2 protein chains.
Amino acid sequence: MAAGATHRPVQTRCADCPIRYRAVCSHCEAKDFEELERIKTYRTYAPGETIAWAGEHMPLVGSVVDGVAMLSSTLPDGRRQMVGLLLPSDFVGRPGRAGLSFDVVAATEITLCMFNKSEFERMVGRSPHIEHRLLEMTLDELDAAREWMLLLGRKTAREKIASLFVIMARRDAELHRHVPRDGLSFPLHITREAMADYLGLTIETVSRQISALRRQGLIELGDNRMVHVPDFAKLIDQSGDDADGGVLV
Amino acid sequence: MAAGATHRPVQTRCADCPIRYRAVCSHCEAKDFEELERIKTYRTYAPGETIAWAGEHMPLVGSVVDGVAMLSSTLPDGRRQMVGLLLPSDFVGRPGRAGLSFDVVAATEITLCMFNKSEFERMVGRSPHIEHRLLEMTLDELDAAREWMLLLGRKTAREKIASLFVIMARRDAELHRHVPRDGLSFPLHITREAMADYLGLTIETVSRQISALRRQGLIELGDNRMVHVPDFAKLIDQSGDDADGGVLV
DNA sequence: ATATGCGTTTGATCTCGATCAAGGAAGACC
DNA sequence: GGTCTTCCTTGATCGAGATCAAACGCATAT
């Protein structure tokens, strides 16, 4: 049923963390839900803390409850590239795989809701629709990774920054289900260094481009790392992508 | 069983195309095999021909029998980035998804072995192990895409070219199951333009870097687009990645 | 043989983003 | 208060790769 439909799970913030399961499958059956409920554990990491190293055996899977983590990969000489950004509701871990291919690092203070991988896999074995949902989520990640390849390979510094802001604005809108009227705001959790690592730039270039966007009135930086975008369509214009009339989602 | 093991299907070149199915699952049951055998069709495309456009509905899935295709994505102003390279035995198409996210273009003359997507999906519904295998393949692609993000974001032109040659040498060795003794050779099917699109460079830079590698004796260009690598470890040294003792696979 | 076309190579120059360097803002701690 | 530290900003300079331009090699066609 509903095969082919992309149903990114709706984020429902909740102290009791139903997210963790909803992130896996929004069409779940009650018994699966209860089973997962039983085996869940929470853990919080400090900013900068490494959650898991590439190659390491990771015996847990789970999802982000709150905060931001990054998947990154490092060359022997220290050059680093972030290959994925994990925001609240994102799935963490590699079902059916022994080790990780990339480092997982907390970008901010972050809370994960984790559960034992082998128990989770046993459940996947019993419920084919979970595997189906995992395949869909992986295809989404693959699409996102490929979009990012376009950014890394062909976009200018200015376009890269604008694209990042567009993506973060969209993720935030999705998370809070708000439809902004004139202008929109979102929190910029991550540091300049994390942005640089993500965009394939240096922190100086990131800083200069943000200053430039600010000088031109395309963005405003407020308190508590909030970014305000007076005209979203104008920001999209700067991102190099098709405008699509400046639609948020 | 054998969950967690990565079993990239072994390529068995064959006029009757068992590849197509082996590419999906090397642990298949005979009845699935026969069903797929019944519904397969072949098609050949000319170099440069577009197999499918991004956003288009693609009612077929299949695999590459012979030749090279590329997945690519284009900015409104024409800048292009290749986001995937499809070599023999690679899977083509998006099971469970309506449309494509990227253009599929033949880089060389290419033969695909295709079958009807909805029939394939019906089969997937009946055999959970096929879906399991699809998830594994998608995770492999995701890893490859993320490796490529590191290349696009952080490697120099020289390192990009060397990395590409290393990858193509490995893919070729895997395909022919040969263990090269001193030096190895592989065919360079794709044009300078395709390389540039893949690496996020211009054709001039690609050409210059290849000339430089040749001048330094790291590669030799022979007839029929063959590339000979006298010392594979030295080439890996230039790729920026960890050496791993110059191991081929 | 000459022409046409495409992919490739090479040279000259320019430019965007990296690098090097200094200073500023905001918080934590004594 | 002062002094860390960490993150951010801005300036000056440099250089890798882009851009512009010309020519070459090697097909196939005329």
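Atom set for the values below is all heavy atoms of this structure, side chains included, hydrogens, waters and symmetry mates excluded. Sequence lines set the chain letters: A, B, ... in the order given, protein chains first and strands last, and positions in each chain run from 1. Note that the structure is predicted; figures quoted are calculated from it, not measured.
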_A:A106 versus A:I110, closest heavy-atom pair with distance_ = CB-CG2, 3.6 Å
*asked:* Please find the pair of heavy atoms, one from B:R158 and one from B:A212, that lie closest to each other, and give the distance.
replied: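 Where B:R158 meets B:A212 most closely, the heavy atoms are NH2-CB, 3.7 Å.
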*Using the closest heavy atom to pick a nucleotide of DNA chain D for each, name whichever of A:I210 or B:G200 lands nearer the 5' end.*
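Mapping each residue to its closest nucleotide by heavy atoms, the 5'-most match is A:I210.
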*Hey, which of these two, A:R154 or A:S207, hits DNA chain D nearer its 5' end, going by closest nucleotide?*
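The 5'-side residue here is A:S207.
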Report the distance from atom [atom1] of [X] to atom [atom2] of [N], rounded to the nearest whole Å.
| X | N | atom1 | atom2 | result |
| --- | --- | --- | --- | --- |
| B:L199 | D:dG17 | CG | P | 12 Å |
| B:Q209 | C:dG11 | CD | P | 14 Å |
| A:L201 | D:dG17 | CG | P | 15 Å |
| B:L213 | C:dT9 | CG | C1' | 15 Å |
| A:I161 | C:dC16 | CD1 | P | 16 Å |
| A:I203 | D:dT9 | CD1 | P | 10 Å |
| A:I190 | D:dC7 | CD1 | C1' | 14 Å |
| A:R208 | C:dA21 | CZ | P | 15 Å |

Under 4.0 Å between a side-chain N or O of [X] and OP1 or OP2 of [N]?
| X | N | result |
| --- | --- | --- |
| A:T202 | C:dA18 | yes |
| B:T191 | C:dG7 | no |
| A:S211 | D:dT10 | yes |

*Which part of the nucleic acid, if any, lies within reach of A:R79 when heavy atoms closer than 4.0 Å are counted: base, sugar-phosphate only, or nothing?*
nothing
Short question: side chain of [X], backbone of [Y] - any donor-acceptor pair under 3.5 Å?
| X | Y | answer |
| --- | --- | --- |
| A:Q81 | A:Y198 | yes |
| B:T74 | B:R80 | no |
| A:D77 | A:R79 | yes |

*When you measure from the side chain of A:R192, which nucleotide among C:dA18, D:dC8, D:dC20 comes out closest?*
D:dC8
*Go through C:dG17, D:dG17, C:dT8 for me and flag the one nearest to the A:T156 side chain.*
C:dG17
*Does B:E204 or A:K155 map to a spot on DNA chain C nearer the 5' end, using the closest nucleotide for each?*
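Its nucleotide being nearer the 5' end, the pick is B:E204.
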*asked:* Between the base of D:dC8 and the side chain of A:E193, is there a donor and acceptor pair under 3.5 angstrom?
replied: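 Checked by distance alone, the answer is no.
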*Is a donor-acceptor contact shorter than 3.5 angstrom present between the side chain of B:R214 and the base of C:dT8?*
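Checked by distance alone, the answer is no.
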